Amino acid sequence: MLSLNYNKVLRPAWVEVDLNAVAHNVRTIKRHLGGVKLLAVVKANGYGLGAVMMAREVVANGADYLGVVMLDEAYELRRAGIAAPIVNTAAIYPDQADYVVDLDIEQMIDRYEIAAALSQAAQRANTAARVHLKVDTGMSRYGVHPSRAVQEIQRLLTLPNIRVMGLFSHFPMSDGVDKSFALLQIERMREIKRDLAAQAIVIPLWHMANSGGVLDLPSAHFDMVRVGLLNYGYWPSFDVQRPFELEPAMSVKAKIVAIRDIQRGDTVGYGRKFMAKQDERIAILPIGYADGYDRALSKIGQVLLHGKRASIIGGLCMDATFIKITDFPEAKIGDPVTLMGFDGEQNISPHDIAALIGSVSYDVIAQFGRRLPRVYMRNGAVVRIDNSLTAQIASA
Ligand SMILES: Cc1ncc(COP(=O)(O)O)c(C=O)c1O
């Protein structure tokens, strides 16, 4: 039983990550920022590219901080031996305070109860808990109202074993054409800064800008910016300034596992949504909506085969996708197909897919699930494969 080495099993559908691209992007962003610190957001499995590998790569190339949104994500990084400073930018419950201290991370605060629980946890551990107060300048997600920010900081400063590391806010729209609301948010932050300065209260790290803010709102850079999407090589929208070159880091590929010739009148897939009007040749790709390849791509999506576009037909299955290859007489089982990324001159970007399914590039890349192995490339060679179903296949 199970006597073979399953590390050698590689599902013929995978996410390919170009580590050189991530390194280039992070270095370029750091250069653009001058002396401003960079918190690299690696939540959601590093936007789909793999949290641990992304964390290592961004830190190796100059990121000062890592950003996550839950303790589980922080645990994954710490367990992998990542010692860099981490901020959990989302909410926790009071009974999780000991974990924040144990993980040695910095925690977003927008409720006094959490700060009090952290203070107690830190006293028990004979250490200090580090916190960042979040101010809600317009996102209505986390954060205290700007009118209460100064008062909240004063309360935090009275708590034993609490170190206030930062004060931050978030933009709901930094990458649109109209910047008026974002500028109003920045003004709300500046007002708090002035009020705190008047009371001689100094907070080391002010941070606000996400990818759009880095590009278009220099007055929001403050001491640190929190960047996700740009690190992975994608612009947050087409309305932003593009002052440097980015290299897209993620591709999604699969190999043809079956080819069939169908006749006029035959139907393809669940719901019999595609009926052949003439004889056709179709290929089956072993990847489906359970892998995060959006089911809305049924009938409208395209893939790249031999450097040319092929159309998705029928409905996407949970684990399979049908493409029409009537115009590819040379196609055979085992041929690689690119679902996202470059094949020669052709490219299907996350933005292209997002436009088809009525979503955003963030959603497209973050959806690709852990069932797809992550194949990491450096200088054109595979340096590591992470396969959550079998084990990690480490090399180099
Ligand atoms: C609090 C916070 N900061 C920063 C970011 C990074 O955003 P972006 O990927 O646009 O750089 C996110 C991501 O949504 C976030 O939730």
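It should be emphasised that the depicted structure is a prediction, and the values quoted were computed from it without experimental measurement. Whatever order the structure lists them in is the order used to number ligands and atoms, beginning at 1.
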Note: Asp110-Arg148 ion pair, threshold 4.0 Å (strictly below): no
Lys37 to Tyr65 six-membered ring, cation-pi geometry met (6.0 Å, 45°): no
Mutual orientation of the aromatic rings belonging to Phe238 and His351 [parallel < 30°, tilted 30-60°, perpendicular > 60°]: tilted
Interfacing atoms of ligand 1 (cut-off 4.0 Å, heavy-atom, Lys43): 12 (C), 13 (C), 14 (O), 15 (C), 16 (O)
Nearest neighbour in protein (non-hydrogen) for atom 11 (O) of ligand 1: Ser211 OG, 2.6 Å
Closest approach of any protein heavy atom to atom 6 (C) of ligand 1, naming residue and atom: Tyr47 OH, 3.5 Å
Closest protein heavy atom to atom 10 (O) of ligand 1, given as residue, atom name and distance to 0.1 Å: Tyr362 OH, 2.5 Å
Side-chain ion pair, Asp136 and Arg141, N-O less than 4.0 Å: no
Glu187 bridged to Arg194 by N-O distance under 4.0 Å: yes
Distance-only N or O hit between ligand 1 and Gly228, under 3.5 Å: yes
Atom 3 (N) of ligand 1 [closest protein heavy-atom partner, distance rounded to 0.1 Å]: Arg226 NE, 2.8 Å
Under 3.5 Å: N/O of Leu229 near N/O of ligand 1: yes
Per-atom contacts, ligand 1 versus Val227 - under 4.0 Å to a heavy atom: 11 (O)
Atoms in ligand 1 flagged as close to Arg141, the criterion being non-hydrogen separation under 4.0 Å: 1 (C), 16 (O)
Electrostatic pair Glu247-Arg27, nearest N-O below 4.0 angstrom: no
For Val41, the ligand 1 atoms whose distance to one of its heavy atoms is below 4.0 Å: 4 (C), 5 (C), 6 (C)
Nearest candidate to atom 2 (C) of ligand 1, where distance is taken over non-hydrogen atoms, out of Met139, His170, Lys134, Met208: His170
Residues Glu57 and Arg378 bridged, charged N to O under 4.0 Å: yes
Ion pair check, Lys255 and Asp335, cut-off under 4.0 Å: no
